[in-house]
Each structure stands twice: as structure tokens, then as C-alpha cells.
Amino acid sequence: MLRVTKLTDYATVVLTVLAARPGEVLSASDLAEHSGLETPTVSKVLKPLAQAGLVEGLRGVHGGYRLSRDAAAISLVEIVEAMEGPLAMTECSQSESQCGIAQKCGARANWRLINDVVADALRGFTLAQMIAPPPSSSDDVRRRPIAVQVATR
């Protein structure tokens with residue numbers, strides 16, 4: 001099963017709270033209250049999000065966190081990579097593969113193509129879209145084709 005980590009999921013939840021309140025500065029405890037998460041968990045996800053430049057921390061009496069840019073300018077791939085590092089479906093999907101059979105592997109090229117498709121899908125979905133109401137059943141996103149262009153190498 002392919003799945004992001006809980007911390008990545010929680011980071012997305014925290015970011016949606018900030019995205020729903022553009023320009024507001026919220027403390028970690030405020031973010032915890034609005035997200036339903038524990039304050040230590042929120043503090044834990046804020047650090048890599050700040051290091052990646054997705055949120056900015058403000059000090060002082062009225063300090064806290066806010067998005068560093070508009071939610072429409074933050075893609076899901078940025079969130080995943082902030083929390084988990086470069087996106088790699090398999091070890092050989094990375095450019096610096098540590099796999100001992102990478103050069104002889106017949107599946108490597110296709111795993112890299114699949115990795116690119118997933119990255120493009122995440123790159124094409126923004127934080128602003130995450131806070132939008134879900135599509136109606138007649139406009140179910142699962143039924144819409146995703147246009148992906150795969151470059152041959």
C-alpha cells in the first residue's frame with residue numbers, strides 16, 4: 001500500500017487550517033485546537049514546514065505561524081517533500097540510487113516514469129484545492145482523467 005506518513009498527513013491538516021485563514025498568525029496551540037491535533041504534534045510538523053519555506057514563524061507576544069505564500073502557490077508535492085524528502089516510489093526512482101542492481105534492472109525505467117506521474121499529480125494539486133469543497137458525486141474527481149505527459153528518455 002502506498003501511503004504518506006502520519007506526520008505528512010498532519011502537516012497537510014495544519015496547513016489547511018492556515019490556508020483557511022489567510023494572513024492570520026496562529027500559535028501552535030491555536031493550530032492544535034483548530035486541527036484537532038495535539039500541540040506537540042503540531043510543533044513537530046511546523047519545524048520542517050518552516051525549514052521548507054511553506055510557513056513562517058513570527059516571534060513576540062502576538063507571534064505564531066502563517067503561510068509564507070498564497071495557498072494556491074503551494075503544491076502538495078512541496079508538502080510531501082518537506083516532510084519526507086524527495087519523492088521516490090522505489091529506491092531506484094531516485095537519481096542517486098543505492099540499489100545494487102539498479103543498472104541491470106529491467107523495471108527501473110518504468111518505476112521512474114511512474115514516479116514522475118505521481119510527482120506531476122501532486123505538483124498539479126494545491127493547498128487551496130485541499131480546502132475547497134469536495135466535488136459532487138456527478139463531478140467525482142476519481143472519474144476525471146488526469147492528463148499526464150510522459151517524456152520518453
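Basis for what follows: all heavy atoms, side chains included, without hydrogens, waters or symmetry-related copies.
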Enquirer: Do the non-hydrogen side-chain atoms of Val55 and Leu18 ever get within less than 4.5 Å of each other?
Expert: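 Counting from C-beta outward, Val55 and Leu18 do come under 4.5 Å.
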Enquirer: What heavy-atom pair brings Leu67 and Ala19 nearest, and what distance separates the two atoms?
Expert: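 Between these two residues, the closest heavy atoms are CD1-CA, 3.7 Å.
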Enquirer: Would Ile114 and Leu122 show up in the same hydrophobic cluster when neighbours are defined by side-chain heavy atoms closer than 4.5 Å?
Expert: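 Same cluster: Ile114 reaches Leu122 through Ile, Leu, Val, Met, Phe, Trp or Tyr contacts under 4.5 Å.
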Enquirer: Under a 4.5 Å side-chain heavy-atom rule over Ile, Leu, Val, Met, Phe, Trp and Tyr, are Leu7 and Val42 clustered together?
Expert: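 Yes, Leu7 and Val42 fall within the same hydrophobic cluster.
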Enquirer: Could you name each residue pair satisfying side chain to side chain donor-acceptor pair (under 3.5 Å) that touches residues 11-29, not counting sequence neighbours?
Expert: Arg21-His34, Ser27-Ser29, Ser27-Asp30
Enquirer: Rounded to the nearest 0.5 Å, what's the gap from CG on Asp116 to CE on Met89? Could you check?
Expert: 11.0 Å
Enquirer: I'd like to know if Asp120 pairs up with Arg123 as an ion pair, taking the criterion as any Lys NZ or Arg NE/NH1/NH2 lying under 4.0 Å from an Asp or Glu carboxylate oxygen.
Expert: yes
Enquirer: Would you tabulate the side-chain donor-acceptor contacts of residues 70-86 under 3.5 Å, counting partners in other chains and residues two or more places apart, or write 'none'?
Expert:
unit_1, atom_1, unit_2, atom_2, d
Asp70, OD2, Ala72, N, 3.0
Ser75, OG, Glu78, N, 3.4
Ser75, OG, Glu78, OE1, 3.4
Glu78, OE1, Arg69, NH2, 2.9
Glu78, OE1, Ser75, N, 2.9
Glu78, OE2, Arg69, NH2, 2.2
Glu81, OE2, Leu87, N, 3.2
Glu84, OE2, Thr5, N, 3.1
Glu84, OE2, Thr5, OG1, 3.4
Glu84, OE2, Thr8, OG1, 2.6

Enquirer: Test side chain to side chain contact (heavy atoms under 4.5 Å, CB included) on Leu46 and Leu31; report intermediate values, then the result.
Expert: CA-CA 10 Å; Leu46 285 168; Leu31 287 166; 4.1 Å; yes
Enquirer: Do you know the tightest heavy-atom contact between Val25 and Gly63?
Expert: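 Smallest heavy-atom distance, with atoms named: CG1-C, 3.6 Å.
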Enquirer: Which pairs count as side chain to side chain donor-acceptor pair (under 3.5 Å) when at least one residue sits in residues 37-63, sequence neighbours excluded?
Expert: Glu56-Arg66
